[in-house]
Amino acid sequence: MVFNSLPFLVFVLAFFLVWARIKKYNQLKWIWIILMSFIFYAWWDWRFLFILIFTGLVDYVSGKKILNQPSKKFFWLWLSLGSNILSLVFFKYSGWITQLLDDMFKTNFHNQLPEFSLVVPVGISFYTFNSMSYTIDLYRGKTKPAENLLHFFAFISFFPHLVAGPIIRAKDILGQLTQNHVVNNLQLLNGVKLCVWGFFQKMVLADNLAIYVNDKFSIVSMQTDAMVWWICMLAFSFQIYFDFNGYSTIARGLAKLCGIHLKLNFNNPFLAHSFQNFWQRWHISLSSFFRDYVYKSIGGNKISPFRTEINKWLTMLISGLWHGANLTFLFWGGIHAMFLSLERLFKTIKIPRFLSVFVVFIGVLLAWVFFRASTIHDAFYVIKTMFRFNTLSSFNSIFFSSVFVWLIVSFLVVYTPKHSFLNIIKKNTVFQIICWSLLILSCVFLRGPEQQFIYFQF
Amino acid sequence: MNNKNHNAKIILSGIIVLVVFGVFFWIQLMPKLSSNKMIKEIFWTSKLINNPVYDVLILGDSRVYRGLNPSVIETQLDNQYQCFNYGFSSVGLDSFYLNNAIKKLNPNGKKTLLIGVSVNSFYPQALKNEHLRELSSESPKNMWVKKHIYPYLTDFSAYSFSDFLGFKTGKQYFETFNINSGFVWSCNFPIDTNSAVYTYQNYFKAHQIDTFAVKNFVQQLQILKNQQFKIVLMRIPASYSMFQIEDKASGFLINQLKQQAQNLGIHWIESTPSSFTYDGSHLIDKATNKLSQDVGIQLKTILNQP
């Protein structure tokens, strides 16, 4: 069930209708959250619910044992990590790995895989990471354990963040779940605003930009014009931002309506003035996960400058692979690692801020080619064409088309100083009513063709 | 805090009232869409989940579902047989498509397949059958929602930038989806009989026809014929220059197919290039009517044969 669908509208109305009545009853509210989250997840494929339940149970039991049996806590930690990583490898990477082996050694592993292993369960990368962070934090003594199984499953399966994040830490959410969830009108309004803003980004901006991007990437070799690919990648940069930030904003809004605060997942990433700064602003929950649980675990920047670079590359490559079982994602991670290394090498060179923002934006845009293309061959074709600067034959078709209009709107949304704009709106009640109503009407009548969220595939 | 809380209540109420009025006025005042996207979704979903009740199934790509009107053909067949257009965009004529199609035929009916053969159907991109696969991969729950709930929501169909531009300039793409027959009436204004030709020309230059797929198609026809399906092939008319490009790129594939089909005892309906297309590839409405009538007459003769 995707957020931008009719069934979800019915689902969410049913959820909040009952939630308003039962949120004061301790056990009942947990059961309601878990039950509805399971229905939400099972809407895709109920069979994959068992993976969520299985890995959740292993992590919950491991968490208990880590605290109760300190001498064996290392074993329990690895049991938890192992079950999560194995389910990830089996469902997400087995097809790709066996295909690679078959290509290299002329074996026939791929055809011997069971059919269900070739379907990636929705959101597996997100809920396994949520779950793993719980046992790692317990092992490191950084969080308190969940009081009971209901609390734990409410934490990992809470539907707003279940399938595409933000990846949340136990310490950030378990405490909140046990509090009273009184939502006053102001919080209600803020929750609704977040949902509307998220839906606007996804349904109006991302889905309309997607039309152009999908069209160009449907047959890559048909497009021989440099301008087309620059515009296409510009559109994709905004599309993926609005798509994912839209999802995260809706998730935050829904959680707020339940009286729960989820952390910010994007902080104006296209205003980043360095690649390091970009990763502090883009998909913050994932970047901080990799920083805390991978980069720092393998030594971080504490050993030597050379090892720091190696650790950085390893972390970025793993982060690339986390996104998908394809060489294109590995390249994407590698390109970002290269940018980070080059940045460190040339950090003494000072350039004006607007120029550094521009350079970072172009670097990120070029890296997106590998993220979006289906094959390495396609990605290199696009990059090669972008730097051909051959013709301007497509000038008219681009500058008088809808993609151009949506790009202008996207620019305005991304680069208008938000605080000053929001302050103007906040001061006038009537203006606020008009603005938010217009956004809702745009979601209804100007929405693009219904598309799944890009990050669902991960 | 209380003041802010009160203000929030006013804003929330104001938003609800304004949105309700906004929706009402939008539906009343905006010009109707020349291509309603919600009806389009109902159309494609229905095509896929309709019951197998048809005697004659018309297969092929957009030239077919925009070119052959089953209602007109049924009239020519004295309304004795149920016809349905099971065409999809850029369809590849492979076993996936053909096997899907025969499930739609009434097992006790005439079991007739009228296949619109197009050169493009044997190119790699078409053989991916993306349109059909995408529609088929939709969950049954979503299909149910589209078929049974969407019909009540067609007023909420989304407008695109080109719709607004079209209202102003008259440059519009019109589509009417006939859910019961699977046929789409379409036209693009202003008419430009070369607009599709350029795209096809580029594509054919960059890609090769899949000869293996052609061979498979002929084998598939043989199998279907052995299973007592009646098969009729034809080339849907397009502009003269489009036919020329296709023939040149494919090494006169259609002529070869015609020969092979006739050797197998499969019927072939003759057709010629048409001057009445709106983009070089798709026929305008009067031409689709004429073509459907002609095909209906010939089909009647074929169906009456033992």
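From a predicted model like this one, the values you see are computed outputs, not experimental measurements. Numbers restart at 1 for each chain; the letters A, B, ... are given by sequence-line order, proteins then strands.
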What's the separation between atom NZ in B/Lys141 and atom OG in A/Ser5, rounded to the nearest 0.5 Å? 11.5 Å
For atom CZ of A/Arg47, decide whether the heavy atoms of other residues, nucleotides or ligands shown that lie under 6.0 angstrom number more than 12. no
Atom pairs and distances, side-chain donor-acceptor, residues 191-198 of chain B, under 3.5 Å, sequence neighbours left out:
residue  : atom : partner  : partner atom : Å
B/Asp192 : OD1  : B/Asn194 : N            : 3.0
B/Ser195 : OG   : B/Asp192 : O            : 3.2

Given heavy-atom pairs under 4.5 angstrom as the criterion, report whether the side chain, backbone, both or neither of B/Ile149 touches chain A. side chain
Who are the side chain to side chain contact (heavy atoms under 4.5 Å, CB included) partners of B/Leu12, not counting sequence neighbours? A/Leu188, A/Leu189, A/Val192
Residue by residue, which of residues 201-210 of chain B have a heavy atom closer than 4.5 Å to a heavy atom belonging to chain A? B/Asn202, B/Tyr203, B/His207
Does the plane of the ring in B/Phe156 sit parallel, tilted or perpendicular to the ring in A/Phe445? Use 30° and 60° as the thresholds. parallel
By ring pair (Phe, Tyr, Trp, His ring centres under 6.0 Å), B/Tyr150 pairs with (sequence neighbours left out) none
For residues A/Leu441 and B/Val19, report the shortest heavy-atom separation together with the two atoms involved. CD2-O, 3.8 Å
With a sphere of 6.0 Å drawn around NE2 of B/His148, does it hold more than 12 non-hydrogen atoms of other residues, nucleotides or ligands? yes
For the CH2 atom of A/Trp436 and the CD1 atom of B/Ile11, what is their distance to the nearest 0.5 Å? 10.5 Å
Side chain to side chain contact (heavy atoms under 4.5 Å, CB included), that's the test. Do A/Leu6 and B/Leu153 meet it? Break it down for me. CA-CA 11 Å; A/Leu6 207 58; B/Leu153 301 172; 3.4 Å; yes
Looking at every heavy atom in both B/Gly14 and A/Ser437, which two are closest together, and how far apart are they? O-OG, 4.5 Å
Once rounded to the nearest 0.5 Å, what's the spacing between atom CZ of A/Arg447 and atom OG of B/Ser160? 11.5 Å
Given 3.5 Å as the limit, does a donor-acceptor pair link the side chain of B/Lys9 with the main chain of A/Asn185, or not? no
Within a 6.0 Å radius of atom CD on B/Glu134, are there more than 12 heavy atoms belonging to other residues, nucleotides or ligands? no
Using non-hydrogen atoms only, which part of B/Val145 is less than 4.5 Å away from chain A: side chain, backbone, both, or neither? side chain
Proximal component of A/Ile211, with respect to chain B [non-hydrogen, under 4.5 Å]: neither
Is chain A contacted by the side chain of B/Asn142, its backbone, both, or neither, given a heavy-atom distance below 4.5 Å? side chain
If you round to the nearest 0.5 Å, how far is CG of A/Leu446 from CG of B/Asp163? 10.0 Å
Check whether B/Ser13 gets within reach of chain A through its side chain, its backbone, both or neither, counting any heavy atom under 4.5 Å. neither
